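To start, the structure under review is shown below, and the notes come after it.
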Amino acid sequence: MNNLFVYCEIEDGIVADVSLELLTKGRSLANQLGCQLEAVVIGTNLKDVEKQVLPYGVDRVHIFDGENLYPYTSAPHSAILINLFKEEKPQIALMGATVIGRDLGPRVSSALTSGLTADCTELEIGSHEDKKLGKTYDNLLLQIRPAFGGNIVATIVNPEHRPQMATVREGVMKKEILDLNYKGEVINHDPKAYTDSLDYLVKVIERHVEKSKNNLKGSPIVVAGGYGVGSKENFALIYKLADVLHAEVGASRAAVDAGFIEHDRQIGQTGLTVRPKLYIAFGISGQIQHIAGMQDSSIIISVNTDPDAPINKIADYVITGSIEEVVPKMIKYYKQHSK
Amino acid sequence: MSLKIVVLAKQVPDTHNVGKDAMTAEGTINRSALPAIFNPEDLNALEQALRLKDAFPGSTVTILTMGPGRAADVIREGLYRGADNGYLLTDRAFAGADTLATSYALATAIRKIGDYDIIIGGRQAIDGDTAQVGPQVAQKLGLSQVTYAEEILKVENKNITIKRHIDGGVETVVAPLPILITINSSAAPCRPRNARLVMKYKRALGVQEKSALGDQLPYAELYDQRPYLNLAEWSVADVDGDLQQCGLNGSPTKVKAVRNIVFQAKESKTLNGSESDVESLIVELLDNKIIG
Ligand SMILES: Cc1cc2nc3c(=O)[nH]c(=O)nc-3n(C[C@H](O)[C@H](O)[C@H](O)COP(=O)(O)OP(=O)(O)OC[C@H]3O[C@@H](n4cnc5c(N)ncnc54)[C@H](O)[C@@H]3O)c2cc1C
């Protein structure tokens with residue numbers, strides 16, 4: 001009872017990275033709270049799936065293996081979580097800020113009238129004082145995310161309602177195995193006892209998933225362009241530099257919105273989180289939503305015509321200049337000096 | 001077959017076009033300096049609704065929005081493009097709502113509308129990007145939901161076929177009506193305003209807008225002659241809402257703190273774009289094995 005739950009997403013029998021990252025984070029939060037970490041896996045043909053999650057320090061894994069539970073549809077998965085949570089009364093429930101998590105989380109939170117915070121960039125345990133009620137709440141989940149307007153970060157709490165629910169994007173938390181032989185309890189549930197036949201009305205008749213086209217998450221060098229790049233044509237310059245440096249190309253949301261580059265290359269709070277050895281930002285001003293996705297890069301270079309661009313504050317090297325003049329020089333001198 | 005469609009639409013500050021004058025001296029956003037716009041993905045949703053109306057004559061499209069008096073603009077924009085009518089949920093008691101309280105208010109209003117086959121809205125609003133309200137409304141009404149939809153492929157025998165996005169791909173789903181759908185920005189853009197409809201509805205006003213004009217209201221007599229120029233407003237009481245579930249009262253999430261971001265300023269090297277500066281940087285990165 002009152003433990004920390006993580007909903008584990010499945011694709012082709014494999015637990016998604018974002019779920020394993022949340023189990024890792026969940027383990028450390030559970031240690032702080034002195035509670036157990038529990039995982040929920042829902043799908044079809046889940047034999048041995050517990051082996052994928054227990055090493056992350058999971059004390060109990062709830063498995064719902066049944067027909068029509070894969071691919072994911074909203075109603076049966078939410079019915080299972082809602083009914084399981086009514087029995088288990090978790091204090092915290094975490095899920096990925098993926099298409100699935102963002103479809104499922106709100107449905108569950110609505111049924112349980114519990115609060116849900118989307119796209120958190122940090123999760124901590126702490127206390128909260130409600131001055132009006134004169135009441136202090138200890139051991140709350142502090143859900144931290146950039147808020148409207150860029151320069152502020154809001155900490156959201158759910159003092160009275162349980163579970164405290166949050167979604168987090170893939171890559172924001174680190175994934176780390178705790179113990180390959182971690183002993184946790186495996187509970188096989190009967191999905192029929194948790195769902196109604198009316199939960200299976202939506203049918204997936206066709207499905208097509210491609211492996212990610214880019215390797216942004218794993219690339220040691222990321223060359224990113226922002227709105228300041230100015231055009232699709234200028235992005236070709238960025239691609240050329242990336243090609244020479246064996247780097248991947250990323251972008252700010254403003255560049256994506258302007259149609260300079262595809263959406264799956266967006267970096268930031270509502271895009272990918274990257275931690276490369278080198279991050280070069282071209283024409284990116286550095287709003288918090290963008291910074292949230294790249295601030296852990298080891299070395300940051302900012303190329304910007306504005307010497308006071310906010311991103312310069314977190315950069316190791318600031319080049320005050322335009323893309324058009326700097327990129328060709330970088331290519332030229334790289335070719336000249338690398339053998 | 002004719003369909004009854006409700007479009008959920010929100011008026012939002014235009015966060016995509018934050019100009020320099022929208023920043024305060026403290027570096028935060030001055031919300032009132034941002035233009036209020038029709039949430040972009042809600043326009044994509046409106047287009048899908050209007051296409052269904054085109055395909056199934058006799059169908060109706062109703063705009064439902066929540067906000068202050070000026071949010072009546074969203075209803076007018078809908079009427080200009082082919083919607084049939086609209087409701088503005090507006091009440092001080094709705095203020096301060098998080099997504100749960102918002103979905104409660106919208107769900108009670110939809111119950112009041114009563115007869116519907118499809119509820120459709122944008123996937124998310126650009127001022128919060130949470131994507132929570134659609135699924136929460138669906139849950140409160142006990143409806144099936146299809147989120148991240150790209151296109152409604154067909155409606156046949158009270159079944160709807162929808163193409164939707166999933167992580168790294170697409171899928172097609174079939175579901176019986178009634179249903180709640182949320183639409184992605186990659187879906188077809190909304191048609192422009194129709195000149196004839198603009199003429200018809202340009203004087204349409206919400207109750208608050210009208211009373212703000214008072215004696216200055218031009219063509220006051222028109223509003224009795226043409227009832228469709230009076231945009232309906234609903235309060236909490238009008239939709240039989242429970243005050244405990246509305247606005248701040250009905251919001252389980254509380255903002256504990258907001259802090260301004262102070263970036264840990266690093267010791268940075270400042271260069272200019274000159275030949276020698278760029279060359280020395282590249283050489284330094286190569287020497288340190290950062291690149292190469
Ligand atoms: C809910 C929400 C979520 C968001 N999520 C994200 C997210 O995940 N990722 C993200 O990136 N943003 C996100 N944003 C948007 C974010 O707030 C900023 O609007 C965005 O990051 C700005 O992109 P930019 O820096 O490219 O554009 P701008 O702020 O317009 O900056 C352009 C920069 O280019 C410079 N420049 C202009 N011309 C040149 C030139 N020729 N050479 C060099 N420099 C030049 C300018 O000086 C300026 O600094 C989100 C916003 C909201 C409200």
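Since this is a predicted model, take the numbers as computed values, not measurements. Quick note on labels: first sequence line is chain A, next is B, and so on, each numbered from 1.
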(message) Report which part of A:S127 has an atom under 4.5 Å of a heavy atom belonging to chain B: side chain, backbone, both, or neither.
(response) backbone
(request) Just give me the residue among A:V209, A:T73, A:I319 that pairs up with chain B most often, heavy atom to heavy atom, under 4.5 Å. (result) A:I319
(message) Using a 4.5 angstrom heavy-atom cutoff, name the option from A:T117, A:V326, A:T113 with the most pairs to chain B.
(response) A:T113
(message) What part of A:I299 gets within 4.5 angstrom of chain B, counting heavy atoms only: side chain, backbone, both, or neither?
(response) side chain
(request) With a 4.5 Å cut-off on heavy-atom pairs, point out which of B:K163, B:R123, B:E275, B:H165 contacts chain A the most. (result) B:E275
(request) Would you please say whether a donor-acceptor pair under 3.5 Å links the side chains of A:N304 and A:S302? (result) no
(message) Less than 4.5 Å to any heavy atom of chain B: does that hold for the side chain of A:L140, its backbone, both, or neither?
(response) neither
(request) Check whether the side chains of A:T98 and A:E9 place a donor and an acceptor atom closer than 3.5 Å, and report yes or no. (result) yes
(message) Need one label for B:D98: side chain, backbone, both or neither, based on atoms under 4.5 Å from any heavy atom in chain A.
(response) neither
(message) Whether the side chain of A:R169 engages the backbone of A:Q269 through a donor-acceptor N/O pair (distance < 3.5 Å, no angle test) should be reported.
(response) yes
(message) Taking every non-hydrogen pair under 4.5 Å, which of A:V244, A:V157, A:N158 racks up the most with chain B?
(response) A:V157
(message) Looking at B:E171 and B:R164, is any side-chain nitrogen of the basic one under 4.0 Å from a carboxylate oxygen of the acidic one?
(response) yes
(request) Count the heavy-atom pairs under 4.5 Å between each of B:G169, B:A175, B:G168 and chain A, then report the option with the highest count. (result) B:G168
(request) Pick one of side chain, backbone, both or neither for A:E210, based on which atoms fall under 4.5 Å of a heavy atom in chain B. (result) both
(request) Select one option (side chain, backbone, both, neither) describing which atoms of B:L285 are under 4.5 Å from chain A's heavy atoms. (result) side chain
(message) Does any backbone or side-chain atom of A:N312 lie under 4.5 Å from a heavy atom of chain B? Answer side chain, backbone, both or neither.
(response) backbone
(request) Among the options B:V133, B:I179, B:T99, B:T147, pick out the one with the most heavy-atom pairs lying under 4.5 Å from chain A. (result) B:T147
(request) Specify which of A:A16, A:G321, A:A118 makes the most heavy-atom pairs with chain B at under 4.5 Å. (result) A:A118
(message) Quick check on the interface: out of B:I291, B:T172, B:V278, who has the most heavy-atom pairs with chain A under 4.5 Å?
(response) B:T172
(request) Let me know if A:L201 has heavy atoms under 4.5 Å from chain B in its side chain, its backbone, both or neither. (result) both
(request) Please flag which part of A:D103 lies under 4.5 Å from any non-hydrogen atom of chain B: side chain, backbone, both or neither. (result) both
(request) Identify which part of A:I301 has an atom lying under 4.5 Å from any heavy atom of chain B, answering side chain, backbone, both or neither. (result) side chain
(request) Establish, from distance only, whether the side-chain atoms of A:S252 and A:Q266 form a donor-acceptor pair under 3.5 Å. (result) no
(message) Less than 4.5 Å to any heavy atom of chain A: does that hold for the side chain of B:V283, its backbone, both, or neither?
(response) side chain
(request) Work out which heavy atom in B:P252 is nearest to a heavy atom in A:H161; give both atom names and the distance. (result) CB-CD2, 3.4 Å
(request) Starting from the C-alpha separation in whole Å, work towards a yes-or-no answer on salt bridge (Lys or Arg N to Asp or Glu O under 4.0 Å) for B:D42 and B:K10. (result) CA-CA 7 Å; B:D42 298 344; B:K10 184 182 187 187; over 6 Å; no
(request) Examine whether an atom of B:D129 lies under 4.5 Å from a heavy atom of chain A, and if so say whether it belongs to the side chain, the backbone or both; otherwise answer neither. (result) both
(message) Is B:L143 close to chain A through its backbone or its side chain, or both, or neither, when contacts mean heavy atoms under 4.5 Å?
(response) backbone
(request) Return yes if some donor-acceptor pair links the side-chain N/O of A:K203 with the main-chain N/O of A:Y200 below 3.5 Å, else return no. (result) yes
(request) Just give me the residue among A:D199, A:I100, A:V202, A:V303 that pairs up with chain B most often, heavy atom to heavy atom, under 4.5 Å. (result) A:V202
(message) So for B:L100, is it side chain, backbone, both, or neither that comes closer than 4.5 Å to the heavy atoms of chain A?
(response) side chain
(message) Need one label for B:S186: side chain, backbone, both or neither, based on atoms under 4.5 Å from any heavy atom in chain A.
(response) neither
(request) Taking all heavy atoms of A:P106 and all of B:Q132, pick out the closest pair and write down the distance. (result) CB-O, 3.5 Å
(request) Show your reasoning for whether salt bridge (Lys or Arg N to Asp or Glu O under 4.0 Å) applies to B:K256 and A:E129. (result) CA-CA 8 Å; B:K256 171 182 162 60; A:E129 187 189 350; over 6 Å; no
(request) Examine whether an atom of A:L245 lies under 4.5 Å from a heavy atom of chain B, and if so say whether it belongs to the side chain, the backbone or both; otherwise answer neither. (result) side chain
(request) Check each atom of A:L198 against the heavy atoms of chain B and say whether the ones under 4.5 Å are side chain, backbone, both or neither. (result) neither
(request) Measure A:S338 against the heavy atoms of chain B and call it side chain, backbone, both or neither at under 4.5 Å. (result) both
(message) Tell me whether B:D240 is salt-bridged to B:R111, with the criterion being a basic N under 4.0 Å from an acidic carboxylate O.
(response) no
(request) Determine yes or no for a side-chain-to-main-chain donor-acceptor pair under 3.5 angstrom, with B:Q245 supplying the side chain and B:S251 the backbone. (result) no
(request) Measure distances from B:I282 to the heavy atoms of chain A and classify the residue's part below 4.5 Å as side chain, backbone, both or neither. (result) side chain
(message) So which atom in B:A149 and which in B:I162 form the shortest heavy-atom distance, rounded to 0.1 Å?
(response) CB-CG2, 3.6 Å
(request) Side chain from CB out, backbone as N, CA, C, O: work out which of these in A:E11 comes under 4.5 Å of a heavy atom of chain B, or both, or neither. (result) neither
(message) So for A:S298, is it side chain, backbone, both, or neither that comes closer than 4.5 Å to the heavy atoms of chain B?
(response) backbone
(request) Considering only NZ, NE, NH1 and NH2 on the basic side and carboxylate oxygens on the acidic side, decide whether B:E284 and B:K269 come within less than 4.0 Å. (result) yes
(request) Please flag which part of B:L281 lies under 4.5 Å from any non-hydrogen atom of chain A: side chain, backbone, both or neither. (result) side chain
(request) Tell me, for A:A75 versus chain B, whether the close heavy atoms (under 4.5 Å) come from the side chain, the backbone, both or neither. (result) neither
(message) Tell me which of these, A:V108, A:T270, A:T320, has more heavy-atom pairs under 4.5 Å with chain B than the rest.
(response) A:T320
(message) Out of B:V170, B:T270, B:T182, return the one with the most heavy atom pairs under 4.5 angstrom to chain A.
(response) B:V170
(request) Answer with yes or no whether the side chains of A:R102 and B:Q124 bring together a donor and an acceptor at under 3.5 Å. (result) yes
(request) Flag the pair A:K329 and A:E324 as a salt bridge only when some basic side-chain nitrogen lies within less than 4.0 angstrom of an acidic carboxylate oxygen. (result) no
(message) Tell me whether B:N44 contacts the main-chain N or O of B:A188 through its side chain, where contact means a donor paired with an acceptor under 3.5 Å.
(response) yes
(message) Can a side-chain donor-acceptor contact be found between A:R253 and A:Q289 if the only test is distance below 3.5 angstrom?
(response) no
(request) List in chain and number order the residues that pass side chain to side chain contact (heavy atoms under 4.5 Å, CB included) with A:D264, two or more places apart in sequence or in another chain; answer none if no residue qualifies. (result) A:K213, A:N214, A:E262
(message) Treating A:S297 as the side-chain partner and A:M294 as the backbone partner, does any N or O pair qualify as donor plus acceptor under 3.5 Å?
(response) yes
(message) Using heavy-atom distances under 4.5 Å, tell me whether B:I166 contacts chain A through its side chain, its backbone, both, or neither.
(response) both
